[in-house]
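Numbers for residues simply follow the sequence, beginning at 1.
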Amino acid sequence: MLPYYFRHYDEVVDHFFIHDNASDDESLAICAAHPRVTVLPLVLEGDSVCQSAFEQVNEFWHGSRGAADWTAVCNIDEFFWVPGLRGYLEKCRADGVSYIPSRGYQMVSEKFPGLDDDLARTIRTGVWDPHFGKPSFFNPDAITDSGFGMARHSAEPKGEVVIPDEQEMMLLHYKYIGWEYLEARHAELHARMRERDREKKWGYHYDPELTRRDYERFLAEAVEVVPAGAG
């Protein structure tokens, strides 16, 4: 997913901080080839992968204070999108907006995209998912505490919180993009879950049976999310 991720965000992001959990594929090489990437460790300890990540995610962005107009915390398969993203962020900044929520969609396709594809223009259909309406960009000088809940599915930010009058930002979650990719990815994540994750049912949707059921449902229910020709 990294090439698609960088292709999507390169226009608006001055620097990427990628938190890596001992990748053994080509991820580190891809990051090393990017001139604006710093790789930092993501150490997952204890009896819960989800809890360990949660305890760190509220701290990752603090280094942006005094150095950035906006910061965004997202997974590699999460694409915040609105037509003309850079211009939209500039307008929000000028209007005094400090915190931008998003409306989340599970994007879906029958096959994995081509290597050179721009995902937001290539895979434009999805299903609205209320659990994925995550915070997108926020002003790191105005927000004192991001207040993320588990997996950032909720947030109670503190500080000078000013949101836009209209919710225009969308979160395009590119996970259900071809069965072979999805099956392998969820199997990997399912195997990583630890004792407390299973006890609390965190990551329950990685179960193989639920993965197949959800994928088929999303394919059947998908509607156009990104209009054709949208920039």
Kindly indicate whether the side chain of Val73, heavy atoms from C-beta on, has any atom under 4.5 Å from the side chain of Val57. yes
Interatomic distance, NZ@Lys175 vs CD1@Ile76, rounded to 0.5 Å, equals 14.5 Å
CG/Asp165: more than 12 non-hydrogen atoms of other groups inside 6.0 Å: no
Centroid-centroid distance, Phe6 to Phe16, less than 6.0 Å: yes
Report the distance from atom CD of Gln51 to atom NZ of Lys200, rounding to the nearest 0.5 Å. 9.0 Å
Under 3.5 Å, side chain of Arg103 to main-chain N/O of Glu168, donor-acceptor pair present? no
Is there a donor-acceptor pair under 3.5 Å between the side chain of Thr122 and the backbone N or O of Asp118? yes
Would a single hydrophobic cluster contain both Met107 and Tyr206, if residues Ile, Leu, Val, Met, Phe, Trp and Tyr are joined by side-chain heavy-atom contacts under 4.5 Å? no
Between Asn58 and Phe54, is there a side-chain heavy-atom distance shorter than 4.5 Å? yes
Going only through I, L, V, M, F, W and Y residues with side-chain contacts under 4.5 Å, is there a path from Phe148 to Ile143? yes
Are the aromatic rings of Trp70 and Phe138 close, with centres under 6.0 Å apart? no
Any side-chain heavy atom of Pro113 within less than 4.5 Å of one from Ile177? yes
Is there a side chain to side chain contact (heavy atoms under 4.5 Å, CB included) between Leu85 and Phe80? Walk through the geometry before answering. CA-CA 9 Å; Leu85 180 56; Phe80 294 118; 5.5 Å; no
Backbone N or O of Val97 within a donor-acceptor pair of the Asp95 side chain at under 3.5 Å? no
Side-chain contact, heavy-atom cut-off 4.5 Å: Val225 with Leu172? yes
Glu221, CD atom: more than 12 neighbouring heavy atoms under 6.0 Å: yes
Has Ser27 got a side-chain atom pairing as donor or acceptor with Ser23's backbone, closer than 3.5 angstrom? no
Side chains of Tyr176 and Ile123 in contact at under 4.5 Å (non-hydrogen atoms): no
Side-chain heavy atoms under 4.5 angstrom apart, residues restricted to Ile, Leu, Val, Met, Phe, Trp, Tyr: same cluster for Val37 and Trp61? no
Can you measure from CZ (Arg212) to NE2 (His186) and round to the nearest 0.5 angstrom? 13.0 Å
Output yes when Glu90 and Arg93 qualify as a salt bridge under the 4.0 Å nitrogen-oxygen rule, no when they do not. no
Pairs in or reaching into residues 124-150: which pass salt bridge (Lys or Arg N to Asp or Glu O under 4.0 Å), with residues at least two apart or in two chains? Glu78-Lys134, Arg124-Glu224
Could you pull out the closest heavy-atom pair between Ile30 and Leu2, with the gap in Å? CG2-CB, 4.0 Å
Heavy-atom closest contact (Gln56 atom, Val43 atom, distance): NE2-O, 2.9 Å
Give, for atom CG of Asn139 and atom CZ of Arg65, the distance between the pair rounded to the nearest 0.5 Å. 10.5 Å
Before accepting this row, confirm whether a basic side-chain N of the pair Arg185/Asp77 lies closer than 4.0 Å to the acidic partner's carboxylate O. no
Less than 4.5 Å apart, any side-chain heavy atom of Ile100 and any of Pro135? no
Give, for atom CE of Met1 and atom OH of Tyr174, the distance between the pair rounded to the nearest 0.5 Å. 8.5 Å
Measure up the Phe112 and Tyr181 rings against each other and bin them: parallel (under 30°), tilted (30 to 60°), perpendicular (over 60°). tilted
Starting from Trp179, can I reach Val127 by hopping between I/L/V/M/F/W/Y residues whose side chains sit under 4.5 Å apart? yes
For Thr211 and Leu182, what are the C-alpha separation, side-chain angles and deciding distance, and is it a side chain to side chain contact (heavy atoms under 4.5 Å, CB included)? CA-CA 8 Å; Thr211 294; Leu182 173 65; 3.7 Å; yes
Indicate the atoms forming the closest heavy-atom contact of Pro101 with Pro164, along with that distance. CD-CD, 3.9 Å
Verify, without hydrogens or angle tests, whether Arg196 (side chain) and Cys50 (backbone) share a donor-acceptor contact under 3.5 angstrom. no
I want to check something: taking the side chain as every heavy atom from C-beta on, are Phe79 and Leu119 in contact at a cut-off of under 4.5 Å? yes
Indicate yes or no: does Arg213 engage Glu209 in a salt bridge with an N to O separation below 4.0 Å. no
Go through the steps for Asn75 and His173 under the test side chain to side chain donor-acceptor pair (under 3.5 Å), then give the verdict. CA-CA 9 Å; Asn75 295 334; His173 194 189; 5.5 Å; no
A quick test of your reading: do over 12 heavy atoms of other residues, nucleotides or ligands sit less than 6.0 Å from CD of Glu188? yes
Locate the shortest heavy-atom distance separating Thr71 from Ser64; write the atom from each residue and the value. OG1-OG, 3.5 Å
Validate the cation-pi geometry between Arg194 and Trp202: distance from NZ or CZ to the six-membered ring centre under 6.0 Å, angle to the ring axis within 45°. no
Check whether Asn21 reaches the backbone of Leu42 with its side chain - one donor and one acceptor, N or O, closer than 3.5 Å. yes
Is the gap between the ring centers of Tyr105 and Phe132 under 6.0 Å? no
Side chain proximity check, Phe137 to Tyr99, heavy atoms < 4.5 angstrom: no
Given side chain to side chain contact (heavy atoms under 4.5 Å, CB included), test Cys92 with Tyr88 step by step and report yes or no. CA-CA 6 Å; Cys92 284; Tyr88 175 78; 3.5 Å; yes
List the atom of Ala222, the atom of Thr125, and the distance in Å for their closest heavy-atom pair. CB-CB, 4.1 Å
CD of Gln167: more than 12 outside heavy atoms within 6.0 angstrom? yes
Distance from Leu89 atom CG to Asp69 atom CG, nearest 0.5 Å? 9.5 Å
Shortest non-hydrogen contact from Met169 to Ser136? CG-OG, 3.6 Å
Could you walk me through whether Arg192 and Asp197 pass salt bridge (charged side-chain N to carboxylate O under 4.0 Å, His left out), step by step? CA-CA 9 Å; Arg192 290 184 184 181; Asp197 298 311; over 6 Å; no
Check this for me: Glu216, atom CD, are more than 12 non-hydrogen atoms of other residues, nucleotides or ligands nearer than 6.0 Å? yes
Take Tyr204 and Arg198 through the side chain to side chain contact (heavy atoms under 4.5 Å, CB included) test and state the conclusion after the steps. CA-CA 7 Å; Tyr204 70 92; Arg198 292 189 290 270; over 6 Å; no
His15 and Phe17: aromatic ring centres closer than 6.0 Å? yes
Ser109 (side chain) donor-acceptor with Lys111 (main chain) under 3.5 angstrom: yes
